[in-house]
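Worksheet: one structure, shown below.
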Number of protein chains: 2
Amino acid sequence: MQMNPHVLIVEDEEPIAQLLKYNLEKEGYRVSVAGDGEEALLLADEGKPDLVVLDWMLPKLAGIEVCRRLRSARDSRNTPIVMLTARGEEGDRIRGLDTGADDYVVKPFQMSELLARLRAVMRRIRPALADDKIAAGDVTLDRGSHRVKRAGKDVHLGPTEFRLLEYLMQHPGRVFSREQLLDAVWGSEVYVEARTVDVHIGRLRRALNAGHDFDPIRTVRSAGYSFDVDG
Amino acid sequence: MQMNPHVLIVEDEEPIAQLLKYNLEKEGYRVSVAGDGEEALLLADEGKPDLVVLDWMLPKLAGIEVCRRLRSARDSRNTPIVMLTARGEEGDRIRGLDTGADDYVVKPFQMSELLARLRAVMRRIRPALADDKIAAGDVTLDRGSHRVKRAGKDVHLGPTEFRLLEYLMQHPGRVFSREQLLDAVWGSEVYVEARTVDVHIGRLRRALNAGHDFDPIRTVRSAGYSFDVDG
DNA sequence: CATGTCCGTCACGATAGTGTCACGCAAGGC
DNA sequence: GCCTTGCGTGACACTATCGTGACGGACATG
């Protein structure tokens with residue numbers, strides 16, 4: 001189940017936007033186009049793009065602003081951003097990278113260079129997209145079919161447990177605090193008790209470890225939880 | 001996030017300042033508070049904060065001015081700045097980002113959002129502080145996975161022992177007094193007996209040296225302790 | 001409406017971790 | 001050698017943190 005990556009183009013100059021759209025579609029991407037910053041945020045929110053190509057000079061909402069909002073906590077997917085800047089805007093470029101852009105291309109650009117850059121960013125930031133699945137140890141999580149398996153057998157998880165496991169498995173071994181998990185899984189705008197994380201971890205464990213004796217979820221006292229592939 | 005980053009809050013409204021202080025400390029930051037711009041520059045100079053939270057509306061010295069001076073040559077550390085602005089001050093916001101602020105949060109804000117933003121800025125600007133491993137001799141300490149190994153084998157440490165070792169390993173060979181260690185590991189706001197450090201050093205030694213004959217922790221009589229990589 | 005699923009919160013018990021003390025040994029100074 | 005001071009550590013009471021069963025509410029489904 002390999003869906004073509006979805007690219008959002010944010011560019012106010014119509015000819016350039018169309019050129020990009022044409023070439024990217026030929027390359028196999030699904031493409032949306034936004035003409036200004038507000039539209040960009042709207043489309044990003046509902047389209048869940050896998051990658052954003054962002055022009056730096058925009059009407060209504062500056063590129064940096066779009067970049068920052070895309071990067072805000074609601075975007076737990078950490079969508080990679082490639083910005084387009086005009087020659088000589090060194091300061092903007094650096095600020096862009098600081099704000100969370102992943103790469104930039106200087107206008108005017110060779111289409112082939114842009115495509116190469118996009119491929120590179122995709123590979124670097126979301127290797128997971130190449131295959132829709134994450135696997136660690138004997139646990140497999142499939143984003144496409146929304147399924148989790150342990151040792152080949154289906155495991156039923158609630159939506160929150162699924163996202164929790166997904167987030168933990170994205171960085172195996174890494175310990176996340178309850179606050180980090182709340183931010184990433186629940187979102188920064190809702191307030192829930194930190195201990196709620198514990199309860200969901202418990203439910204996740206019960207579902208995941210039924211019939212197994214190794215628990216891949218590690219508790220680190222007064223620090224948080226992590227997903228470990230073993231020992 | 002454990003070798004607690006130091007945050008300087010510049011905010012003239014006392015209740016907000018206290019709220020911030022409380023939450024940031026709970027999050028594990030060390031916190032200083034400045035009530036106006038002049039105090040801010042003073043504290044920034046002597047406290048060497050890792051991050052500054054800067055209110056835009058200040059008595060005596062406007063936020064933008066503080067921002068500019070923090071950014072001037074004296075601050076070679078390029079300390080990241082997050083500014084707090086009131087809703088609708090778009091112009092200020094942009095000028096702030098131009099002046100060198102790294103991000104902003106609009107008042108009123110959700111605490112969780114601010115915390116997330118601070119974490120993001122820290123990650124972006126100083127990955128070394130938030131992440132990575134320290135190694136010295138045959139001991140490795142990994143902040144990300146919260147693990148300590150001696151000669152490749154896992155060593156289990158309590159939270160305090162972990163932070164203690166982390167602090168010592170950051171400056172191998174350097175001797176820290178009990179007071180310094182209390183300040184850095186326990187925090188300046190709690191009062192505990194200086195001898196408590198001894199007990200934790202003992203526990204740390206027992207865990208770290210099990211099955212080894214070289215003790216990397218050196219006692220310097222009437223001075224303190226240090227982590228030494230070799231005899 | 002009845003039923004089922006999932007969620008967030010609470011309360012309780014278990015246990016790992018913490019701070020302090022006291023005792024005895026070790027390290028110097030003289 | 002003797003005395004003073006500093007350090008190591010077992011013991012212990014206390015606390016913080018974690019796991020989990022229970023419960024009521026939200027929401028969807030039939």
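Chain identifiers are assigned alphabetically (A, B, ...) following the order of the sequence lines, protein sequences preceding nucleic acid strands; residue numbering begins at 1 within each chain. Bear in mind that the values here come from a model prediction, so they are computed numbers and not experimental data.
Backbone-only contact: A/T219 has heavy atoms under 4.0 Å from sugar-phosphate atoms and none from a base. Contacts of A/R203 with the nucleic acid, taken as non-hydrogen atoms under 4.0 Å apart, include base atoms. Note on B/Y225: only backbone sugar-phosphate atoms sit closer than 4.0 angstrom, heavy atoms only; bases stay farther off.
Of the residues listed (B/Y167, B/F162, B/W186), the one engaging B/H200 in a ring-ring contact (aromatic ring centres under 6.0 Å, His included) is B/W186, and it is the only one.
Side chain of A/W186, nearest nucleotide from C/dT18, C/dT9, C/dG8: C/dG8. Of the candidate nucleotides D/dT17, D/dT20, D/dG8, D/dT20 has the atom nearest to the side chain of A/V199. Listed nucleotides D/dG8, C/dC7, C/dG19 differ in distance to B/R205; the shortest reach to its side chain belongs to D/dG8. Set against D/dG8, D/dT17, C/dT9, the side chain of A/R221 has D/dT17 as its closest nucleotide. Side-chain proximity of B/R195 to the nucleotides C/dA22, D/dG19, C/dG17 is greatest for C/dA22.
Under 3.5 Å, the side chain of B/R206 and the base of D/dG10 form no donor-acceptor pair of N or O atoms.
Checked against salt bridge (Lys or Arg N to Asp or Glu O under 4.0 Å), B/R174 has no partners two or more places apart in sequence or in another chain.
The pair B/D142-B/K149 does not count as a salt bridge, with every side-chain nitrogen at least 4.0 angstrom from each carboxylate oxygen.
Summarising the geometry of A/F214 relative to A/V229, their closest heavy-atom pair is CE2-O, 3.6 Å, with the distance given to 0.1 Å.
As a whole-Å value, the separation of B/D198 CG from C/dG24 P is 19 Å.
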